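Residue numbering restarts at 1 for every chain, and letters A, B, ... go by the order of the sequence lines. Since this is a predicted model, take the numbers as computed values, not measurements.
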Number of protein chains: 2
Amino acid sequence: MRKVSPKTLTRALFYIRTLNRLLHLGGSVVSSKELADIMGFSDAQVRKDISNFGKVGKPRIGYKVAELKQVLEDFLVQDVVHAALFGVGNLGSAILRYSGFHQNKIKLVAAFDIDKNKIGKTINGVPVYAMKDIREIVRRTHVDIGIIAAPEEASQDIADLIVGSGLKGIVNFAPTSVSVPKGVFVKDIDLSIEFLSLFCDMQHS
Amino acid sequence: MRKVSPKTLTRALFYIRTLNRLLHLGGSVVSSKELADIMGFSDAQVRKDISNFGKVGKPRIGYKVAELKQVLEDFLVQDVVHAALFGVGNLGSAILRYSGFHQNKIKLVAAFDIDKNKIGKTINGVPVYAMKDIREIVRRTHVDIGIIAAPEEASQDIADLIVGSGLKGIVNFAPTSVSVPKGVFVKDIDLSIEFLSLFCDMQHS
DNA sequence: CAAGAATTGTTCAGAAATTCACAATTAAGA
DNA sequence: TCTTAATTGTGAATTTCTGAACAATTCTTG
């Protein structure tokens, strides 16, 4: 199958989210125009994206919701993604308790912190370990990605730990860039920047 | 001044973040190459972005950290951005307690919930109001953007409330698309999708 | 003061992403 | 059955974004 760009992949995840909602609402078919309107894309964009994954639609009809969802999921999220969390503070705790993951093939398998009061506890079913145990846990447990939800000062050290334990993907919520070797993927989510960029877009539009 | 693309604006916010860190570490000048390496961009990209905001650098020297930061901030974030939060659950509480905002010209001025046990309290200095009071609060208080951190089922109603109260920007953490009139900006942050998209990028690279 | 080295700002070319536009297809209805 | 209307899939056109390259500039050093 042809190479698909990251942008298309991300939009495809939004398509899946919307298709799930439509399924839940009882819809059975949907057109590119309807999908586009719901998500704020163009209909041409939707069709071109979907065409990456095969010829799923029928002219004059549209796409069968269940079938399209299946095709996208087969391509994108075959397995459950196992994630480990680093830093059980305000944000980390909220992530541990976030209820949206289990519907989306994401499983938090371990959390790490340096606070002795937290180590050994279980939050929402996820055990909290000492930071130094990461290598052993990653060896014993299937982990795909690491999530940094620690203070700025600790983020680079944690990134190094994550990389050292062999993981290749990091979601970084800390408000600072971390440097990693080539081949490791980092996604930065800085709440301040997210808010500010929305506001900048508003002002400079 | 020339029109600047949203992508450039977002990167510029990352530049500011990095410049702050450099300032804090005592750096006084920095080259495009250094900035690029820290953030994982190309040096040409950095120079081109910065050139949107004027001729700030000196050949053979680089950019004065403080001066560049000033130039970018003058263009991007002249005023403090005032935000109101909708939904004081796990994620909402973490946002209220997030410590990174005040350094970044973001101020949470109000929170809203439907839970009587939360209404009337103050969390981290931010008062929690009843959802129905939004119009009055927005009239009395300067609010730029609304943040939806409520369950999926409530998100569209909250978006309608936000739009009805006159706000033009929404950050939506709920795992569903909200529909808004033209002219209202929405930024979706779906934690599941963020994690999955990282993983997809890893697999399909 | 002149030569050399480093870095900017900018132009240009190429790549990537988006939109357009329409032939092909299919269901529905006369 | 034949026509009509709707919708897909896609090649071409367009726009946006990125990367390469280099003249212009300015510090440094001898």
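- Going from atom CG of B:N52 over to atom C1' of C:dG9 covers 12 Å, rounded to whole Å.
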What are the atom names and distances for every N/O pair under 3.5 Å that joins the protein to nucleotides 13-18 of chain C?
{"residue": "C:dT18", "atom": "OP1", "partner": "A:R11", "partner atom": "NH1", "Å": "3.3"}
{"residue": "C:dT18", "atom": "OP2", "partner": "A:R11", "partner atom": "NH1", "Å": "3.2"}
{"residue": "C:dT18", "atom": "OP2", "partner": "A:R11", "partner atom": "NH2", "Å": "2.9"}
{"residue": "C:dT18", "atom": "O5'", "partner": "A:Q45", "partner atom": "OE1", "Å": "3.4"}

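- In this pair, B:F75 and A:H204 present their aromatic rings parallel. The plane angle is below 30°, not in the 30 to 60° band.
- Residue A:R60 places its side chain closer to D:dT7 than to any other of C:dC20, C:dA6, D:dT7.
- Across the protein-nucleic acid pair, B:D37 atom CG and C:dT7 atom C1' stand 14 Å apart, rounded to whole Å.
- For DNA chain C, none of the residues of residues 15-25 of chain A falls under the heavy-atom distance limit of 4.0 Å.
- Contact check for B:V126 versus B:L85: no side-chain heavy atoms found under the 4.5 Å cut-off.
- Closest contact between the side chain of A:S31 and the listed nucleotides D:dC22, D:dT8, D:dG19 involves D:dT8.
- B:Q203 contributes atom CD, which lies 10.5 Å from atom CG of B:L198 (distance to the nearest 0.5 angstrom).
- When each of B:K33, B:E34, B:K48 is paired with B:D43, the side chain to side chain contact (heavy atoms under 4.5 Å, CB included) condition holds for B:K33 and for no other.
- Taking the six-membered ring for Trp and thresholds of 30 and 60 degrees, A:Y15 and A:F41 have ring planes more than 60 degrees apart, a perpendicular arrangement.
- Atom C1' of nucleotide C:dT7 and atom CG of B:L68 are separated by 14 Å, given to the nearest angstrom.
- With B:N52 contributing its side chain and B:D49 its backbone, the two residues share a donor-acceptor pair below 3.5 Å.
- The two residues A:F53 and A:V71 make their nearest non-hydrogen contact at O-CG1, 3.7 Å.
- Residues B:L196 and A:R17 have side chains not in contact (no heavy-atom distance under 4.5 Å, counting atoms from C-beta outward).
- When rounded to the nearest whole Å, the span between CG of B:D43 and C1' of C:dG9 equals 12 Å.
- Separating the NZ atom of B:K55 from the P atom of C:dT8 is a distance of 14 Å, rounded to the nearest angstrom.
- A pairwise comparison of heavy atoms in A:V88 and A:A111 identifies CG2-CB, 4.0 Å as the closest pair.
- Rounded to whole Å, atom C1' of D:dT8 lies 16 Å from atom CZ of A:F53.
- B:F41 has its CZ atom 11 Å from the P atom of D:dG19, to the nearest Å.
- One finds a side-chain N or O of B:S32 lying less than 4.0 angstrom from the OP1 or OP2 phosphate oxygen of C:dT8.
- Here the P atom of nucleotide C:dT7 and the CD1 atom of B:I61 are 9 Å apart, to the nearest Å.
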